[in-house]
Amino acid sequence: MKNKKQENILLAEMTNKEFLVKNRCAIHAVEAKLEMIDAELSMKEGRMIINSVTSRIKQPESAKAKLIKKGYHVTFQNAVEKLNDIAGIRVVCTYLDDIYAISSMLKKHKDIIVLKEKDYIKNTKVSGYRSLHLIVQVPIYFHDANQNIRVEVQLRTVAMDFWAGLDHQLRYKKSKKETALIGSELKKYAEIIKEVDEKMLKLRHEIEAI
Ligand code: 0O2
């Protein structure tokens, strides 16, 4: 009974207008920085750097599932304190080195604090998942005061994004036997994609050297 009440509070608070506005503002603040970084890098390199930037605020149901998965009670307080990806931004670029260039420039912004960095490119997840994750803290000015909001920034190449999309789709399928089989197949493709990313970067360097 008490659990159900807490769950209902979580659902209500995560759809509360002020909560959504604050997270949206934090996302906008980081997106504005990414836009500047993209403009500067594109100018310097003479090519397109960021292919797409998408963002989302985590759905209450997804927050609830993640809290349960992590072994926390489903409460609004736990969602805000324990989940790093209530506000999330995904940056997709063409080349591997662009990911690190963007990340390094983002870290230089004085009002951004990097709380956590997870390099699933250097340390590929068991599933085959690859991306660079930054958990950043950004200040927003709200109700006459500065408030710090965490935003998860996922940086990946087009190839990594292609892979993650299929993997995500697979996760929603029910049959354990089939998904295990496809999962191991997908893992092999993650290796191929890794090679392609590295080869494309090498080729770009060769073209630039001509
Ligand atoms: P959704 O639906 O993407 O919003 P942390 O609390 O920061 O220490 P966290 O969040 O528990 O760590 O885990 P992690 O590994 O940093 O992953 C967070 C997000 O990365 C996931 O969000 C996915 O978006 C993505 N991700 C991680 N592993 C995989 C994977 O194997 N395949 C795919 N396709 N994506 C992955 P969520 O919470 O799953 O939700």
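Starting from 1, each residue takes its place in the sequence as its number. All values reported here derive from a predicted model rather than from experimental measurement. Remember, it's 1-based here, ligands and their atoms both numbered in the order they're listed.
The shortest non-hydrogen separation linking Thr75 to Leu67 is O-CD1, 3.7 Å. Here the closest non-hydrogen pair linking Ile193 and Met160 is CG2-N, 4.2 Å.
If you check the side chains of Arg90 and Ser52, you find no donor sitting under 3.5 Å from an acceptor. Checked by atom type, the side-chain pair Tyr189/Asp167 shows no donor-acceptor distance below 3.5 Å.
For atom 23 (C) of ligand 1, the nearest non-hydrogen atom of the protein is Gln154 NE2, 3.9 Å. Looking only at heavy atoms of the protein, atom 2 (O) of ligand 1 is closest to His168 NE2, 3.7 Å. Nearest protein heavy-atom neighbour of atom 27 (C) of ligand 1: Lys125 NZ, 3.5 Å. The nearest heavy-atom contact from the protein to atom 32 (N) of ligand 1 is Asp167 OD2, 2.5 Å. For atom 7 (O) of ligand 1, the closest non-hydrogen atom on the protein side is Asn84 ND2, 3.0 Å. Atom 5 (P) of ligand 1 has Lys118 NZ, 3.2 Å as its closest protein atom, hydrogens excluded (heavy atom only). Closest protein heavy atom to atom 1 (P) of ligand 1: Lys58 NZ, 4.0 Å. Counting only heavy atoms of the protein, atom 18 (C) of ligand 1 lies nearest to Glu152 OE2, 3.7 Å.
Remark: Lys118 fails to qualify as a cation-pi partner of Tyr129 under the 6.0 Å distance and 45° angle criteria applied to the six-membered ring.
Rounded to the nearest 0.5 angstrom, Glu13 CD and Gln6 CD are separated by 10.5 Å. Considering CD1 of Ile99 and CD1 of Ile49, their distance stands at 11.5 Å, rounded to 0.5 Å. Atoms NZ and CD1, on Lys66 and Ile86 in that order, are 10.0 Å from each other to the nearest 0.5 Å.
Atoms of ligand 1 found under 4.0 Å from any heavy atom of Ser127 (numbered from 1 in listed order, with element): 30 (C), 31 (O). Heavy-atom contacts of Lys116 reach the following atoms of ligand 1: 5 (P), 7 (O), 8 (O) (cutoff under 4.0 Å). Contact atoms of ligand 1 toward Arg56: 4 (O) (distance under 4.0 Å to a heavy atom of the residue). Atoms of ligand 1 found under 4.0 Å from any heavy atom of Asp85, numbered from 1 in the order shown, are 22 (O), 38 (O). Taking a cut-off of under 4.0 Å to the non-hydrogen atoms of Arg90, the atoms of ligand 1 that pass are 24 (O).
Salt-bridge check for Glu206 with Lys202: passed, with a basic side-chain N closer than 4.0 Å to an acidic carboxylate O. Here Glu191 does not pair with Lys188 in a salt bridge; the nearest charged N to carboxylate O distance is not below 4.0 Å.
Between the choices His133, Lys66, Gln59, the shortest heavy-atom distance to atom 37 (P) of ligand 1 belongs to Lys66. Comparing heavy-atom distances from atom 29 (C) of ligand 1 across Trp163, Tyr120, Tyr129 singles out Tyr129 as nearest.
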Inset, instruction - Decide side chain to side chain contact (heavy atoms under 4.5 Å, CB included) for Arg56 and Asp85; before the verdict, give the C-alpha distance in whole Å, the side-chain angles of both, and the deciding distance to 0.1 Å. - result: CA-CA 9 Å; Arg56 61 103 184 91; Asp85 64 343; 3.5 Å; yes
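Considering backbone and side-chain atoms alike, Ile135 places every N or O at 3.5 Å or more from each N or O of ligand 1. Polar contact with ligand 1: absent for Ser62 (N/O pair, distance under 3.5 Å).
In this structure, Arg47 and Asp98 have side chains that are in contact, with non-hydrogen atoms separated by less than 4.5 Å.
Using a 4.0 angstrom heavy-atom cutoff, Lys187 does not count as in contact with ligand 1.
With a heavy-atom cut-off of 4.0 Å, Leu83 does not touch ligand 1 at all. At a heavy-atom distance under 4.0 Å, no atom of Arg130 approaches ligand 1.
Under a 3.5 Å cut-off, the side chain of Asn23 and the backbone N or O of Phe19 do form a donor-acceptor pair.
Within a 4.0 Å radius of atom 11 (O) of ligand 1, the protein contributes at least one heavy atom.
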